[in-house]
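A short worksheet on the structure shown next.
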Amino acid sequence: MATNISATGKSLQTRIEDALVHRIGKDKQAALPHDWLAATIYTLRDEIIERWMVSSKAAHAAGAKRVYYLSLEFLIGRLLRDALANLGASEEVGAALAAHGVDLAEIEEIEPDAALGNGGLGRLAACFMESLATLDIPAYGYGIRYVNGMFRQRIDDGWQVELPENWLAYGNPWEFERRESAYRVGFGGEVIGDADGKVTWAPAETVIASAVDTPVVGWRGKRVNTLRLWNAFPTDPIHLDAFNAGDHAGALAGQVRAESLVRVLYPADSTAAGQELRLRQEYFFSSASIQDIVRRQMQYHGEIRSLPDKAAIQLNDTHPAVSVAELMRLLMDDHGLDLAEAWDMTRKTFGYTNHTLLPEALESWPLPLFERMLPRHMQIVYAINAMLLREARVSKKLDDAAIAAISVIDESGERRVRMANLAFAGAHSVNGVAALHTELMKQTVFADFHKLYPDRINNKTNGVTPRRWLLECNAGLTGLIREAIGDGFMDDAEKLSNLARFADDAGFAERIKAVKRANKDALAAHLRNYMGIRVDPNALFDVQIKRIHEYKRQLLNLIETVSLYDQIRSHPERDWVPRVKIFGGKAAPSYHNAKLIIKLANDIARRVNSDPSVGGLLKVVFVPNYNVSLAEKIIPAADLSEQISTAGMEASGTGNMKFALNGALTIGTLDGANIEIKDHVGDENIVIFGLNADQVAEKRSNGYNPREVIEGSRELQQAVSAIASGVFSPDDPDRYKDLIGGLYDHDWFMVAADFESYSDAQRAVDRRWLDTHGWQAAAIRNIANVGWFSSDRTIAEYAKEIWGVM
Ligand SMILES: *Cc1c(COP(=O)(O)O)cnc(C)c1O
């Protein structure tokens, strides 16, 4: 690619060597791969800084409205390949390194994953940051710079073991510490009101939030935005009097308490983490971010009242919802606005994105905890709630029960502060992340709010960035598409639709197949090198990678695997399609059943993979430590994408989009964005099975007897009995008794109810696979029709319809 890296007179080769010597302090002979990685990043960073400054100066000069994306999670992954691709500098940098005898691909592979998130919600935030820069929207991401992000998963004897992931062990050359951008964040203490009604909060404890910035480069280097992550420092690093008195631990207690705020990411996905430290983290990063936004407003505009015209703050789920009260506090206590005006401005400034309808995932805090930690915010929450409930009364739209349901304070039982209600009340826009999810928000959790504010709930179907999830992770497919339809799709993913005319082109189908085959070879080599397992790249690669959760139904897939294993052994004469079942995903450390499901996958794998009677027809692989980098290797190699959640429970899913974009066919339920994927790719190019959301709701309320279903299906009965009786766990025959017992008793996730339909769908997949031609045509139609699921489209919708910046 022509020189996209600015010419400074020196060759890139020399600049990388300069960085090695001057910034790292090593010469070429002593340099280790990590040193070359850092030197390469430093060199690129210099280029990025220049564009970064141009971007922020231009936004400032234009007095542009800025978007602030507040998220407790950013699941970024590696950054080098992303920055190289977006700057168009991959070839140039590769050549410069080669001249030093260094392989770019090799150093890319040793960059640690920035895993500051659990799963889909955090990955969405990372895709959004990249799309914001790509669409040239001035934006900041705000979050926490966790020292230990998502844990590293090791599998020991089939069990998940959690280890700390030290992603900062070699330093992080991407980030810039901004010690000058620091704010005090208080906790506890008391609120003092004087005779004129002026309120002062005197916190008992204060920590310093200090900014650490990472540049986010948009596609074609158009714009560079900032991801600002907060670090924590004690206001008083050491109590010298205590130290001198010999109390060394006590002298450093403040340090420990501050650092604990940024020590770890809570490894819970779709489950509320009900810990005091979690609320401290939420307030810490919310307060620092809101103070930073207000500071920027005052610095650039000199007055506070235009804030809603200059700032759009988006809350990624309720984790930053306390920001609503924090902005109110600053507007009233620091800027002297009255309650009504502050409330009006606050609501104009915030948008809130909901990510889950699972009741156990809706955050709420015991009122005494909230009041003790944030006494001023408690007063503000009461004041907000009074305005909200008064408005509801006056509207006459809600009865008493509905008014109790929208209250920010849950009065049933132990009193709690409901963060979703605070976020809903404090935002002018509340969005779901797929069409079905948004409908269900209106019908279920937010039904009463929706009656009161019928225009507030809106849909923004999720998307993924096609840079990382196609161009970077699948060079083979990208090259082939460019040859076929030119480069237009690289700037506008919806232009992938031009590929549709090749769906029935036998020559093109052959080449698509060859690309997939090369990706499968690469994955097979990876599995052999890292796990010592051999898989046949001719087999159908059937993949379910995502967080392990009962609603995502890895168990349904595993039971079907056992059933297939039984059938292959009973009918070896049939024309079975060879399959490799690939699983990957982490379980929350406290989620017992999820961890048991991981063990079950490994127990089944051990048994099946060592059984000569299934020959090469079935292999089961649980790949440890699923993360972004592993997803980038596995997804391009997948033939079949498992998106089999209980209908009504997956808000959107984004894994489903990545697979389709890489030419996998989906087997899935009518849940989340699967429904919209089906609408885009066409009914013939996706395999849908199972109950829909209405049918699930209907079964749950009208009584459903899973025992009857299990006993009525020979295949299901045999498979679950085998698991429950210890066929796969002879060392502990009762290991899965309770897990399977739960299916007989209540089966909340409708595993039994959907089994037969799922199993039939899998056999339909087999038949389609045998029609090689038809399979390739469907794969091409998937790629051609999922450009709409680009996060560029999603962000453009947020920008126009929520933020008013496009
Ligand atoms: C995309 C992605 C997810 C989300 O996957 P779902 O299948 O939508 O749950 C989770 N983790 C990683 C690493 C991802 O890349």
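Atoms within each ligand, like the ligands themselves, are counted from 1 in listed order. Throughout, residue positions are numbered sequentially from 1 according to the sequence presented.
A salt bridge is absent between K586 and D269; no separation between the charged side-chain nitrogens and carboxylate oxygens falls under 4.0 Å.
Ligand 1 lies out of reach of R547, whose nearest heavy atom is not under 4.0 Å from it.
Within ligand 1, the atoms closer than 4.0 Å to a non-hydrogen atom of V628 are 13 (C), numbered from 1 in the order shown. Near W469, the atoms of ligand 1 lying under 4.0 angstrom from a non-hydrogen atom of the residue are 15 (O). Listed by atom number, the atoms of ligand 1 under 4.0 Å from T654 heavy atoms are 1 (C), 4 (C), 8 (O). When each atom of ligand 1 is checked for a heavy atom of K658 under 4.0 Å away, the hits are 1 (C), 2 (C), 3 (C), 14 (C), 15 (O). Taking a cut-off of under 4.0 Å to the non-hydrogen atoms of G119, the atoms of ligand 1 that pass are 10 (C), 11 (N). Below 4.0 Å from some heavy atom of G653 lie the following atoms of ligand 1, by number and element: 8 (O). Near G120, with a cut-off below 4.0 Å to any heavy atom, the atoms of ligand 1 are 3 (C), 4 (C), 10 (C).
Ring planes of Y69 and F74: perpendicular class, angle over 60° (limits at 30 and 60°).
Considering both main-chain and side-chain atoms, G655 comes within under 3.5 Å of ligand 1 through a nitrogen or oxygen pair. On a distance-only criterion, K546 and ligand 1 share at least one N/O pair closer than 3.5 Å. Residue contacts with ligand 1: K552 is placed with a nitrogen or oxygen under 3.5 Å of a nitrogen or oxygen of the ligand (distance criterion only).
There is a side-chain donor-acceptor pair under 3.5 Å between N656 and N674. For the residue pair Q762 and E642, a side-chain donor N or O sits within less than 3.5 Å of a side-chain acceptor on the partner. In the model, R547 has a side-chain atom that pairs as donor or acceptor with a side-chain atom of N118 under 3.5 Å. There is no side-chain donor-acceptor pair under 3.5 Å between E175 and T214.
Closest to atom 12 (C) of ligand 1 among all protein heavy atoms lies Y626 OH, 3.5 Å.
Of all the heavy atoms of F659, none lies under 4.0 Å from any atom of ligand 1, so neither backbone nor side chain is involved. Contacts with ligand 1 closer than 4.0 Å are made by backbone heavy atoms (N, CA, C, O) of N627 only, the side chain lying farther away.
Between H680 and F789, the ring center distance clears the sub-6.0 Å criterion. Checked against a 6.0 Å centroid threshold, the rings of Y626 and F583 do not count as neighbours.
In this structure, CZ on R793 lies 10.0 Å from OG on S131, to the nearest 0.5 angstrom.
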